[in-house]
Amino acid sequence: MSKSLLIRNGRIVNADNECRADILVEDGKIIRVAGNLEKPFPETLVIDASGQILLPGGIDPHVHMDLPVGGGLVSADDFQSGSAAAIAGGTTSIIDFVTPQHGQSLIEALGRRKKEAQYSLCDYGLHMSITSWTPKTATEIEQCIRDEGIPSFKVYMAYKDAIGLDDRDLLSVMDVVGRCKGRVTVHCEFGEIVSYMQRRFISEGKTRPCYHPLSRPPEVESETVARSILMARMTQCPLYIVHVSAAGSVEVIAAARARGQDVLAETCPHYLLLDDSEYRRPDFQGAAYVMSPPLRPAAHKQLLWDALENDTLQTVATDHCPFNMKSGKDRGIDDFTKIPNGVAGVQSRMMLLYTYGVLENKISLKRWVELVSTAPAKIFGLYPRKGIIAEGADADIVLWPDMQERNVSVIQGRGVSATEKTISVKNLIGKCDTSIYEGFPIKGKPHTVIVGGTVRFSEGKIAEPETTGTYLRRNLT
Ligand code: URP
Ligand code: ZN
């Protein structure tokens, strides 16, 4: 007998439509979306979703589980803990990265990464990072797209001494990926300037975390956004700019899109909700906020929200890459350049965007669904298998308390206490000992999370913690 699930009475919200209907799931797929569906088998599990929004499972297209950063240090979440955190936050698919060593075969590095990723509790895909250009790279890029289900390739303009590429190699990558109808994703920061500023600050005895944002100011990002867009235009390569943090970058992206260039871009919750004053916290506390690009002066935040609303930016990802303060960030206690870059976010993404975006009328409910699920699915070759509640799609479904319907007064400031919780590292599932969102009030979070037709989160707990997800082969054509 097939595993079957009937979800009744929910308000289904997709990126481009919404309706009240029941959802019938069999063997991990949505097979019917219609009113008043009958329970097909006595053993069908029936879930009453009254008062809940039903949305397609979130897709976080930018996470770094189990990322080695040198000297034996690895990001705090492995695939198991990071994916558990993802599910608890309503994200049912993640896309992480393969990061080959200099000169290493892409396919060999992919094989190793898949062994680490197989412990993911939710479905997972991988982007391929190109960290060096060798005589085999072009052929291996083609192989990734044709045989491995990897059509997206990450390049770093930062980190020049480690995984960054120079412009010549970047052009080679874009040339091949563009011809093969893939997409290049790019981390935009002017690596040489960052290294110069870091050396200069350290030589002047300026070692505290507050020098991190000063060593990589907004123009250092925006200049490389403009340069990568120009290179992508010349090579006719589709582009996706990761973790946009600066207003100047938004302007450059908007101009390219207005000219008709295929440029897409993401931002992250931390750039929407925090600012660079965090680096001036006493003692070494600012280290918790060290990620690249860094947090910006507060004025940038509203421009990022506007860019999400007007589609200059298409996705909100997390760049989830947490490091513990103890035996992690504290490596940089005497030298901010040694603080490992990255923060946690995969569990908080959807609740933050719902609370501070939807409930504060910065984005609509449908736009929220689009930003966290549908657009990543479309951009990275998972749609319509994922990113939509529709017949034939994977049954990745989030039941989310409908705060707008239940309690309009949330926005008016009444009745908030009954619904409001705060984020605390004590309640987060991941392994990191710090959260940059500590104390943030939250007015909505997942009630139940279904991955591939199975309830994997309910009553505040991960269910079936031994069940692992599926490797997602992706295709852009
Ligand atoms: O600070 C960050 N972003 N850490 C993760 C690695 C990267 O740069 O994407
Ligand atoms: Zn990243």
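In each ligand, atom 1 is the first atom listed, and ligand 1 is the first ligand listed. What you see below is based on every heavy atom in this structure, not just the backbone, and it leaves out hydrogens, waters and symmetry mates.
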Test side-chain contact (heavy atoms from CB on, under 4.5 Å) applied to Leu359 and Trp368, step by step: CA-CA 11 Å; Leu359 295 183; Trp368 173 60; over 6 Å; no
What are the atom names and distances for all N or O pairs under 3.5 Å between ligand 1 and the protein?
from	atom 1	to	atom 2	distance (Å)
ligand 1	1 (O)	Ser292	N	2.8
ligand 1	1 (O)	Gly342	N	3.4
ligand 1	3 (N)	Ser292	O	2.9
ligand 1	3 (N)	Asp319	OD2	2.5
ligand 1	4 (N)	Asn341	O	3.1
ligand 1	8 (O)	Tyr159	OH	2.6
ligand 1	8 (O)	His187	ND1	3.3
ligand 1	9 (O)	His64	NE2	3.3

With sequence neighbours excluded, tell me which residues meet ring pair (Phe, Tyr, Trp, His ring centres under 6.0 Å) with Tyr279. His212
Who are the ring pair (Phe, Tyr, Trp, His ring centres under 6.0 Å) partners of Phe380, not counting sequence neighbours? His127, Tyr240
Would you call the rings of Tyr156 and Tyr159 parallel, tilted or perpendicular, taking 30° and 60° as the class edges? tilted
Within-2.8 Å protein N/O/S contacts of the Zn ion (ligand 2): His62 NE2, His64 NE2, Asp319 OD1
Looking at Phe190, is Arg216 sitting on its ring face, NZ or CZ under 6.0 Å from the six-membered ring centre and within 45 degrees of the normal? no
What distance separates Leu295 CG from Ser245 OG, expressed to the nearest 0.5 Å? 8.5 Å
Taking only Lys NZ, Arg NE, NH1 and NH2, and the carboxylate oxygens of Asp or Glu, determine whether Asp77 and Lys431 approach each other closer than 4.0 Å. no
From the list His320, His187, His62, ring-ring contact (aromatic ring centres under 6.0 Å, His included) with Phe97 holds only for His62
Let's go through Asp330 and Lys326 carefully: what are the C-alpha distance in whole Å and the side-chain angles of both, what is the deciding distance for salt bridge (Lys or Arg N to Asp or Glu O under 4.0 Å) to 0.1 Å, and is it a yes or a no? CA-CA 6 Å; Asp330 58 2; Lys326 197 166 159 12; over 6 Å; no
